[in-house]
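Below, chains carry the letters A, B, ... as their sequence lines are ordered, and counting in each starts from 1. Computed from heavy atoms alone, side chains included, the values below leave out hydrogens, waters and symmetry copies.
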Amino acid sequence: MPTATAEPTVAGLREEVRRLCADRHRSGRYVPRSDSWLRSPDHGFSKELAARGLIGMTWPAPYGRGLSNVHRLAVTEELLRAGAPVALHWIADRQIGPAILRHGGTRLQQEILPGIASADLVFCLGLSESEAGSDLASVRTRAVPDGDGFRITGRKMWTSGAHHATHAYVLARTTPRAEGARPHTGLSEFVVDMASDGVEVTPIVDMTGEHHFNEVTFDGVRVPAHHLIGERDAGWRQVTEQLAFERGGPERVLTTYPLLLQVLGAVRDRTLAADLGRLAARLGVLRRLCHGIAEMLDAGQAPVQEAATCKLLGNEFERDVLELARRVAPTGPPGLRRDLALAMSASPAFSLRGGASEVLLSIITRAETAS
Amino acid sequence: MSDLRNLVRDVARDSGDVWATLAELGLSTIGVPEELGGSGGGAPELAEVAEVLGEHGVTVPFAEHTTAARALAEATGRIPGPGTVAVALVPDRLTVPWAARSSHLVVLTPGADAAVVDLRADGVVVVPGVDAAGRGLDDVTAPPAAVRPLPGADPDALLAGLALLRCASMVGACRAAYRLTREHVGTREQFGRPLVRLPAVATALARLRVEVLQAEIALAAALDAADGERALPAAALGRVVCGTAATEVARIAHQLHGAMGITREYGLHPLTRLLWAERDADLPEQHWAELLGGLVLDGGEDRLWCELTAGVAG
């Protein structure tokens, strides 16, 4: 863990990340692409960011630099803008670290957080199951007390990056669902070492032909007691909180930004000015919304509705970048057509992962009609 | 809630002549320094008043008069009388809000100095008309003798300020239309339960809320940039976002209200008609989109990221 001297400025952080990405891109060490936060694992790049103290930067000492979420947003925005290969540390930095900080015990924090900040530990998210997609509360994976720990049995689906992961975050049922009881009770969150006996990762190739997600089975996997995050059976509240981190970030807006960058390089006339202006206007709103969410997180709030709105509108923006790219592609460079084809195949997932748009709309309605 | 907001709300709810009362209270010259005969204040106060007026669906020449007053006071040192403002894309054809009840018209022509037209001068012809909100929107032809240059006024700053007020008015009307709709679908029963229990209705209500939120964010961004060097692009962004939101809000609010919403006595149409008018007032929404897109094309991705969409992100 590097020790930072003076607190960096937001502008300084932006400049640092811009320079790093430009250098690495120019020297051919990565190719910018859409969806890079999910599809571009690069151990060297993640280690470089870690060495600069850019992973876990919001966490308090001794684990991080105690910077604000607004500082972090400057870094994440610039990384996404550059289409940088950040997939290995993205999830852990975004939501696992914060969850362990908020709810995990000291021993778990000491065991896990330094490894995330140094990019040596890689996390995947064990949330969805074949029978629990949008309806997360109906997970069937069980964690049964076993001596001074638990044994986890179940099967997680669509687990991005599980084949690179050293650890999984797993949502499991610790108390069987009683007749008539709300499904949201009796769930708990765990950290599972992927090297444990009984963990098996099976690839699921997606429609782009790439392998980024997996099926992960847990067959009586032994988990020590201190790997329970927070309170037993109180996992649901913690998950919904975590989802605010998961949904309210710039990766819900900028997934196709590298494609937009190529479009801008290829547009030759002004017939697209109005469409470009409309996209720019939406981007301005979304970036400001992300900023507002970062400020709310800094103030200790859980911006559930704002994050849902951000993801809903951000996904629509990402998709409409593709629509603009379609119009430029025929006369654009081959790289543009390649990235468009890839982003197109990746696009159905944009408005599914992290909560389907329909679920987000229902979250927004609920917040509105309750008030 | 601020005192100003409360004051305007009380005036807007009063059944009397809202514009006359606002003028008596000195609210028609906000944004003009006191030493030039105005009431002082700036963009935040102007936007606040415009927003509350929009919230009540009030149609008065607030945006036009305050903009003209600022232009004339800055250029000539005084406010000559009831003023209005128009943007002239084609110099000899003027479509002017409230021309029939104004004495002075400030003309903003992109890429040129501002000018002032004495609307009471000989040879000036005003053909009255109305916009979608029922506000005066008149055709004006003026002989050259009635037109004087206004070199002391900054056309871009005036245009940005005017656009900001249109945004504020749209945000107010959007918010009020949302509140009316939420109330309606929460209480009106069909099929034995409140409308909002129908999933399709609940989804449409959420969409409505999301549109209002976008307009609010764009207004806040335009306000932050007001009076600075990025005021015009920020106002253009606001006009595009608020205009798009206005279209969606009016459509969804009416859809969810059913036939109730299209009756004269119900309070929705003053809001939706105002929204329809404001989104293309002065310059159509499409023009603002082209302006913003042109800036992106000229300045490239760097300008898009670092200037036009950075906002508070820095």
Side-chain angles (χ1 to χ4, degrees), chain A residues 9-11 13-14 18 70 73-74 77-78 81 250 254 257 260-265 267-292 294-295 305-306 308-310 312-313 316 357-358 360-369 371, chain B residues 178 182 185-186 194 196-197 199 201-211 213-218 220-222 224 233-234 236-245 285-306 308-314:
Chain A
T9 62
V10 165
L13 285 168
R14 281 192 188 278
R18 275 173 205 169
V70 171
L73 177 63
E77 266 203 345
E78 293 296 333
R81 178 192 184 196
L254 299 173
Y257 193 86
L260 181 60
L261 227 155
Q262 293 203 55
V263 168
L264 286 174
V267 174
R268 293 278 166 266
D269 59 62
R270 310 192 71 87
T271 53
L272 292 178
D275 299 278
L276 214 44
R278 288 180 184 280
L279 274 182
R282 287 160 67 190
L283 180 62
V285 165
L286 286 162
R287 291 184 67 194
R288 195 177 170 99
L289 180 55
C290 286
H291 190 271
E295 285 182 324
Q305 194 191 9
E306 289 77 5
T309 305
C310 177
L312 179 82
L313 294 174
E316 290 173 358
S357 296
E358 293 74 11
L360 302 176
L361 279 163
S362 79
I363 290 170
I364 295 164
T365 315
R366 221 170 22 244
E368 286 301 306
T369 47
S371 58
Chain B
Y178 169 69
R182 189 180 65 177
V185 298
V196 75
R197 297 270 166 246
V201 170
T203 301
L205 185 71
R207 193 75 228 183
L208 194 52
R209 178 68 190 93
V210 164
E211 295 299 333
L213 183 74
Q214 291 183 82
E216 288 171 340
I217 292 171
D224 279 354
L237 189 150
R239 284 290 307 254
V240 173
V241 173
C242 292
T244 314
E285 182 188 322
Q286 184 72 2
H287 180 97
W288 294 103
E290 284 165 7
L291 189 155
L292 200 55
L295 290 172
V296 176
L297 287 171
D298 292 340
E301 191 271 339
D302 209 53
R303 179 190 273 172
L304 171 69
W305 185 263
C306 302
L308 301 176
T309 65
V312 281

For B/A289 and A/A274, the nearest pair of non-hydrogen atoms, with its separation, is CB-O, 3.7 Å

side-chain contact (heavy atoms from CB on, under 4.5 Å) partners for B/A222, two or more places apart = B/L164

Heavy-atom closest pair, residues B/G294 and A/A273 | N-CB, 4.1 Å

Value for CG (B/D302) from CG (A/L264), rounded to nearest 0.5 Å, stands at 11.0 Å

Find the one option among A/E316, A/E358, A/Q305 whose heavy-atom pairs under 4.5 Å with chain B are most numerous.
-> A/E316

Would you mind checking if A/R288 and B/E216 are paired as a salt bridge, meaning a charged N to carboxylate O distance below 4.0 Å?
-> no

Top of B/V185, B/L208, B/V210 for chain A proximity - count of heavy-atom pairs under 4.5 angstrom = B/V210

Examine whether an atom of B/R239 lies under 4.5 Å from a heavy atom of chain A, and if so say whether it belongs to the side chain, the backbone or both; otherwise answer neither.
-> neither

Atom pair CG (A/L283) and OG1 (B/T309), whose distance is rounded to the nearest 0.5 Å = 4.0 Å

What residues, two or more places apart in sequence or in another chain, satisfy side-chain contact (heavy atoms from CB on, under 4.5 Å) together with B/A202?
-> A/T365, B/V196

Residue A/A11 versus chain B: region with a heavy atom under 4.5 Å = neither

Residue pair B/L304 / A/L260, side-chain heavy-atom distance below 4.5 Å | yes

Closest-packed option against chain B by number of heavy-atom pairs under 4.5 Å, given A/I363, A/L272, A/L313, A/L276 | A/L313

Compare all side-chain heavy atoms of B/R197 with those of A/T369 and state whether any distance is below 4.5 angstrom.
-> no

Output the distance between atom CG (B/L297) and atom CZ (A/R268), rounded to the nearest 0.5 Å.
-> 10.5 Å

Start with the C-alpha distance between B/I217 and A/R287, add both sets of side-chain angles, then the distance that settles side chain to side chain contact (heavy atoms under 4.5 Å, CB included), and finish with yes or no.
-> CA-CA 10 Å; B/I217 292 171; A/R287 291 184 67 194; over 6 Å; no

Mind running salt bridge (charged side-chain N to carboxylate O under 4.0 Å, His left out) on B/E290 and A/R270 for me, showing each step along the way?
-> CA-CA 9 Å; B/E290 284 165 7; A/R270 310 192 71 87; over 6 Å; no

If you look at every heavy atom in A/G277 and B/L292, which pair is closest and at what distance?
-> O-CD2, 3.4 Å

What is the minimum heavy-atom distance between B/W305 and A/R14, and which atoms define it?
-> NE1-NH1, 3.9 Å

Could you check which of A/L289, A/L360, A/V70 has the highest count of heavy-atom pairs closer than 4.5 Å to chain B?
-> A/L289

Taking all non-hydrogen atoms of both residues, which atom of B/L237 and which atom of A/G284 are closest, and how far apart?
-> CD1-CA, 4.1 Å

Contacting region of A/L312 [heavy-atom separation from chain B under 4.5 Å] | side chain

Contacting region of A/L13 [heavy-atom separation from chain B under 4.5 Å] | neither

Contact origin within A/E306 toward chain B - heavy atom pairs under 4.5 Å | neither

Go through the atoms of B/A234 and report whether side chain, backbone, both or neither lie under 4.5 Å from a heavy atom of chain A.
-> neither

Verdict with supporting geometry, B/E301 and A/Q262, side chain to side chain contact (heavy atoms under 4.5 Å, CB included) | CA-CA 9 Å; B/E301 191 271 339; A/Q262 293 203 55; over 6 Å; no

How close do B/R182 and A/E368 get, heavy atom to heavy atom, and via which atoms?
-> NH1-O, 3.4 Å

